[in-house]
2 protein chains.
Amino acid sequence: MPTTTAQQRRKHAKEEYDAFLAACPSRLVLDRLSDKWVTLVLVALGDGEQRYSEIARIIAGVSQKMLTQTLRGLERDGLVTRTVTPSVPVTVTYELTDLGQSLRAVIGAIKDWAEQHIPQVEAARADYERRTA
Amino acid sequence: MPTTTAQQRRKHAKEEYDAFLAACPSRLVLDRLSDKWVTLVLVALGDGEQRYSEIARIIAGVSQKMLTQTLRGLERDGLVTRTVTPSVPVTVTYELTDLGQSLRAVIGAIKDWAEQHIPQVEAARADYERRTA
DNA sequence: CGGAATCCTGCCTGATACTG
DNA sequence: CAGTATCAGGCAGGATTCCG
């Protein structure tokens with residue numbers, strides 16, 4: 001008679017739940033958007049194609065590692081196209097696909113919500129501080 | 001003559017940029033939504049008020065620590081209300097505010113996008129695997 | 001110029017145990 | 001039942017260095 005049954009049971013339930021979450025389409029999108037840099041890159045590419053170094057300059061705070069990682073992910077998901085011009089030195093440009101553009105619209109929706117409701121959120125925060133202080 | 005000027009300059013630029021981002025309303029919302037549990041709690045409360053233990057049961061995979069932390073954050077931002085009934089033992093219920101309801105609508109928008117476009121994303125991924133394999 | 005590989009650190013998270 | 005406190009592990013993310 002194992003004494004760890006309860007623990008194992010819980011762990012198992014958790015794993016199943018995680019699997020369920022992983023399969024959820026919304027989570028997939030959410031996970032992408034949650035990535036700080038994804039949003040910024042999407043916006044940076046909003047005006048049209050940009051070179052790698054241009055994006056890096058526009059976003060300023062990003063490390064090459066994260067920028068490359070982000071761009072790879074977006075390319076993988078079909079949100080941006082990557083074009084290599086084999087000149088010397090190499091030139092690489094990125095551009096939003098139609099899919100990428102449509103995702104940008106979602107970001108717009110979030111932005112709109114934020115701009116409309118942030119005052120309320122901040123008021124609530126101030127209120128909360130006051131009550132708990 | 002400092003030899004680390006370039007580094008410091010970059011670091012400084014990064015800090016400014018971070019501050020800029022922190023001030024961005026959209027980021028604030030995005031950071032909240034990015035939290036895996038926030039979305040789930042919002043949805044769990046969608047049907048009406050729930051008790052703490054009910055939420056924990058519905059979401060299943062969450063630890064009390066994270067659940068409490070999440071609920072505190074939502075309360076702080078005025079997205080949910082917390083009601084304590086001083087019976088024995090204590091009963092605590094949570095409910096979405098109007099603000100919380102409206103944020104739930106945003107999640108709905110994301111869900112809609114996901115359901116419409118995920119097939120394309122997955123096709124892109126399969127394609128990407130093929131090309132890079 | 002654009003990117004890959006390596007190392008290293010801080011924070012987020014979960015498990016556990018205790019209070020009212 | 002609802003919540004706090006403490007501790008330990010994992011991994012996301014940055015800095016650095018080298019390749020095409």
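Chain A is the first sequence line, chain B the second, and so forth, proteins listed ahead of strands; every chain is numbered from 1. No hydrogens, no waters, no symmetry mates; every other heavy atom, side chains included, goes into these values.
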| note | Sorted by chain and residue number, the side chain to side chain contact (heavy atoms under 4.5 Å, CB included) partners of A:Arg104 (sequence neighbours excluded) come out as A:Leu42, A:Leu96, A:Gln101
| message | Rounded to whole Å, please give me the gap between NZ in B:Lys65 and P in D:dT4. | response | 12 Å
| request: Can you run down the ring pair (Phe, Tyr, Trp, His ring centres under 6.0 Å) pairs that involve residues 35-84 of chain B, sequence neighbours left out, and say none if there aren't any? | output: none
| Interface residues of residues 71-90 of chain A with DNA chain C (non-hydrogen, below 4.0 angstrom) | A:Arg72, A:Arg82, A:Pro89, A:Val90
| message | side chain to side chain contact (heavy atoms under 4.5 Å, CB included) for A:Val80 and A:Glu95? Distances and angles first, verdict last. | response | CA-CA 5 Å; A:Val80 305; A:Glu95 188 170 16; over 6 Å; no
| Roughly, in whole Å, what's the span from CG in B:Asp31 to C1' in C:dC12? | 14 Å
| task | Provide, to the nearest angstrom, the distance between the CG atom belonging to A:Leu67 and the C1' atom belonging to D:dG13. | result | 14 Å
| request: Indicate yes or no: at least one non-hydrogen side-chain atom of B:Val106 is less than 4.5 angstrom from one of A:Asp112. | output: no
| query | Looking across every strand, which nucleic acid part, if any, lies under 4.0 Å from B:Gln64 by heavy atom: base, sugar-phosphate, or nothing? | reply | base
| request: Specify the residues of residues 41-63 of chain B, ordered by number, for which at least one heavy atom lies under 4.0 angstrom from an atom of DNA chain C. | output: B:Ser63
| request: Would you mind reading off the distance between B:Arg32 atom CZ and C:dC12 atom P, rounded to a whole angstrom? | output: 12 Å
| message | One pair to check against side chain to side chain contact (heavy atoms under 4.5 Å, CB included): B:Ile55 and B:Val62. What are the steps and the verdict? | response | CA-CA 10 Å; B:Ile55 304 174; B:Val62 70; over 6 Å; no
| task | Rounded to the nearest 0.5 Å, what's the gap from CG on A:Leu103 to CG on A:Leu79? Could you check? | result | 6.0 Å
| request: Among residues two or more places apart or on two chains, list those pairs meeting salt bridge (charged side-chain N to carboxylate O under 4.0 Å, His left out) that have a residue in residues 64-76 of chain A. | output: A:Arg76-B:Glu129
| remark: Students should find that the end-to-end axis angle of the helix from C:dG2-D:dC19 to C:dG20-D:dC1, with five pairs defining each axis and rounding to 10 degrees, is 40°
| request: Take atom CG of B:Asp35 and atom C1' of C:dC11, then tell me their distance rounded to the nearest Å. | output: 14 Å
| task | Grab the CE-P distance between B:Met66 and C:dC12 for me, whole Å please. | result | 9 Å
| A:Lys36 atom NZ: more than 12 heavy-atom contacts under 6.0 Å | yes
| CD of B:Gln69 versus P of D:dA2: gap in Å, rounded? | 18 Å
| task | Go through A:Glu122 and A:Arg125 one step at a time and tell me if the salt bridge (charged side-chain N to carboxylate O under 4.0 Å, His left out) criterion holds. | result | CA-CA 5 Å; A:Glu122 294 191 328; A:Arg125 285 198 181 177; over 6 Å; no
| request: Please confirm whether the backbone N or O of B:Gly78 pairs with a side-chain atom of B:Thr97, one donor and one acceptor, at under 3.5 Å? | output: yes
| Got a sec: does the CG of B:Asp98 have more than 12 other heavy atoms crowding it under 6.0 Å? | no
